[in-house]
There are 2 protein chains.
Amino acid sequence: MTGAAKKDSSTIQRNTVADQVYADLRGRILSGEIQQGERIVEAALAKSLGISRAPVREAVNRLTEAGLLESRTHFSTTVLQMTPEKVRQLYAVRVAVETLAIREVVRRHRPEDIELLKGLIKEMMARAKAKDVPGLVEAELAFHEALWKMAANPYVDRVAGLLFDHMRLALTVDNAGYSDLMDVAREHEPLLAAIVSGDPDKAAQALSTHIMTSLETFVPSA
Amino acid sequence: MTGAAKKDSSTIQRNTVADQVYADLRGRILSGEIQQGERIVEAALAKSLGISRAPVREAVNRLTEAGLLESRTHFSTTVLQMTPEKVRQLYAVRVAVETLAIREVVRRHRPEDIELLKGLIKEMMARAKAKDVPGLVEAELAFHEALWKMAANPYVDRVAGLLFDHMRLALTVDNAGYSDLMDVAREHEPLLAAIVSGDPDKAAQALSTHIMTSLETFVPSA
DNA sequence: CGACTGTCGCCTGTCGACAGTCGTCATAAA
DNA sequence: TTTATGACGACTGTCGACAGGCGACAGTCG
């Protein structure tokens, strides 16, 4: 997680306190520092940050709207609890959106896009070779995130962004389930090849298979 | 009384003031009472509702997170402006998610589900016969909403809910573009038939075609 | 001993006020 | 007349305080 955190903290230079709290809280939830089911108490959080409840409350509300927090009126808000069933449902939607994205990428990709994806695969290989599982997971997410961002569709962006936050949350629990790390990295090469080949159906099929394989790794019962 | 609730104000019996404001504001935006690009001023809204800014601010923040409002820090928040391009991108994602939903419905539908959908088609026919275009649009949205709710997937729910709010927003502008109203209603019968037939691919294909036809009606340039 | 009921404390929901920032408009310089 | 500049006004962002709801616990009744 440190990889993304480093990248984000330098990039994110929000103005308002509420935005900073939002980014901080989101990061702590997705990194697992705040565990699933754990309770969020506005006043305590505000005190620990040395600010008033207002910006904390705003951040919490936004996180709730994004589905990372669940709120019970007049009582408590807690971090979303992922379950194998939810992960399966999440992946089903993920496949639908990402295949749409890759079809668009096949159509509109530029040379530098291919280079970027190539670089991310290399990154994954390096992480795999170093047996750095969290790093590998992060790199894989970065690869897929780059993919759907290339689709340049604001709705894909919004939806995929939401889904990936939930994916990260799901991955905080058991991020060590890979049998052969190198295989995970190599699995992405056919995707790249399919994009370059210019065949949308082939690319979509390859991606769909890849994601489902990934699901199988984490939630075997499917 | 009999049909699905259209008037939110009578149905919604939320607890907190913020929730009520959220529902009210959302309703006014989606109905077109507050126009696209129009500015939202917290203090003015609070005063007109006879409450403080806090719940108004919370509602506005949630709507911003949902993408119906756009916020410029320290200055203003305005209602999202839809464009033909955005509508096309929206529909692309909509097709992806709804085809996923209908595949699930093919697999798990119960007899009462079919009855419900049948009823909604009848509703559409009645609206079409009465040349009630807004009513027809509402009934059609209700049909599709019922469809993806039957998929019983929380992520489909969340994503489709978001997309449909944006669809409603897009439809506030030109909700009168149908050539033959009856055709619109009848178009849904093949969908129902495909669901009953139990062929997921056929159902998905039929739905995809239907949605794209609908898009063509509103945004001809595609 | 177990189920019900009333009280208590913690936390959320709401309020009014203050401070900071951005656009606007008038004014001045070219 | 056109463009730069600076004060003004309006609105958002943040603060501390109060009120009210919900769960927890203890005491009571069966």
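In the text below, chain A, chain B and the rest are named by the order of the sequence lines, each starting its count at 1. Note that the structure is a prediction, hence the values are computed from the model and not measured.
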Side-chain contact test, heavy atoms from C-beta onward, threshold under 4.5 Å: evaluate it for A/Met150 versus A/Arg110 and give yes or no.
no

Taking N or O atoms only and anything under 3.5 Å, show me the protein contacts with nucleotides 13-16 of chain D, one pair per line.
from	atom 1	to	atom 2	distance (Å)
D/dG13	OP2	B/Arg57	NH1	2.7
D/dG13	OP2	B/Arg57	NH2	2.8
D/dG13	O5'	B/Arg57	NH2	3.4
D/dG13	N7	B/Arg53	NH2	2.9
D/dG13	O6	B/Arg53	NH1	2.9
D/dT14	OP1	A/Val17	N	2.3
D/dC15	OP2	A/Ser52	N	2.9
D/dC15	OP2	A/Ser52	OG	2.8
D/dC15	O5'	A/Ser52	OG	3.3

Tell me, which pairs form a salt bridge (Lys or Arg N to Asp or Glu O under 4.0 Å) where one or both residues lie in residues 93-104 of chain A, sequence neighbours left out?
A/Arg94-A/Glu98, A/Arg103-A/Asp201, A/Glu104-A/Arg107, A/Glu104-A/Arg108

Hey, does B/Ile40 reach any base, or is it just sugar-phosphate, or nothing, if we go heavy atoms under 4.0 Å?
sugar-phosphate

Residue pairs passing the ring pair (Phe, Tyr, Trp, His ring centres under 6.0 Å) test with at least one member in residues 150-169 of chain A, sequence neighbours excluded, are A/Trp148-A/Phe164, A/Tyr155-B/His166, A/His166-B/Tyr155

For B/Arg39, side-chain hydrogen bond (donor to acceptor under 3.5 Å, both in side chains) partners two or more places apart
none

Run the numbers on A/Val79 and A/Gln35 for side chain to side chain contact (heavy atoms under 4.5 Å, CB included), then give the verdict.
CA-CA 7 Å; A/Val79 177; A/Gln35 294 191 344; over 6 Å; no

Just to verify, what does A/Arg158 make a side-chain hydrogen bond (donor to acceptor under 3.5 Å, both in side chains) with, not counting sequence neighbours?
none

Just by distance, with hydrogens left out, do B/Thr64 and B/Asn61 show a side-chain donor and acceptor under 3.5 Å apart?
no

A correct dot-bracket answer for DNA chain D, with pairs being Watson-Crick or G-U at under 3.5 Å, [ ] for crossing pairs and | for inter-strand pairs, is ||||||||||||||||||||||||||||||

For A/Arg88 and A/Glu85: C-alpha separation, side-chain torsions, deciding distance, then whether salt bridge (charged side-chain N to carboxylate O under 4.0 Å, His left out) applies.
CA-CA 5 Å; A/Arg88 252 174 262 127; A/Glu85 176 66 9; 2.8 Å; yes

Spacing of B/Lys47 atom NZ relative to C/dA17 atom P, expressed in whole Å
14 Å

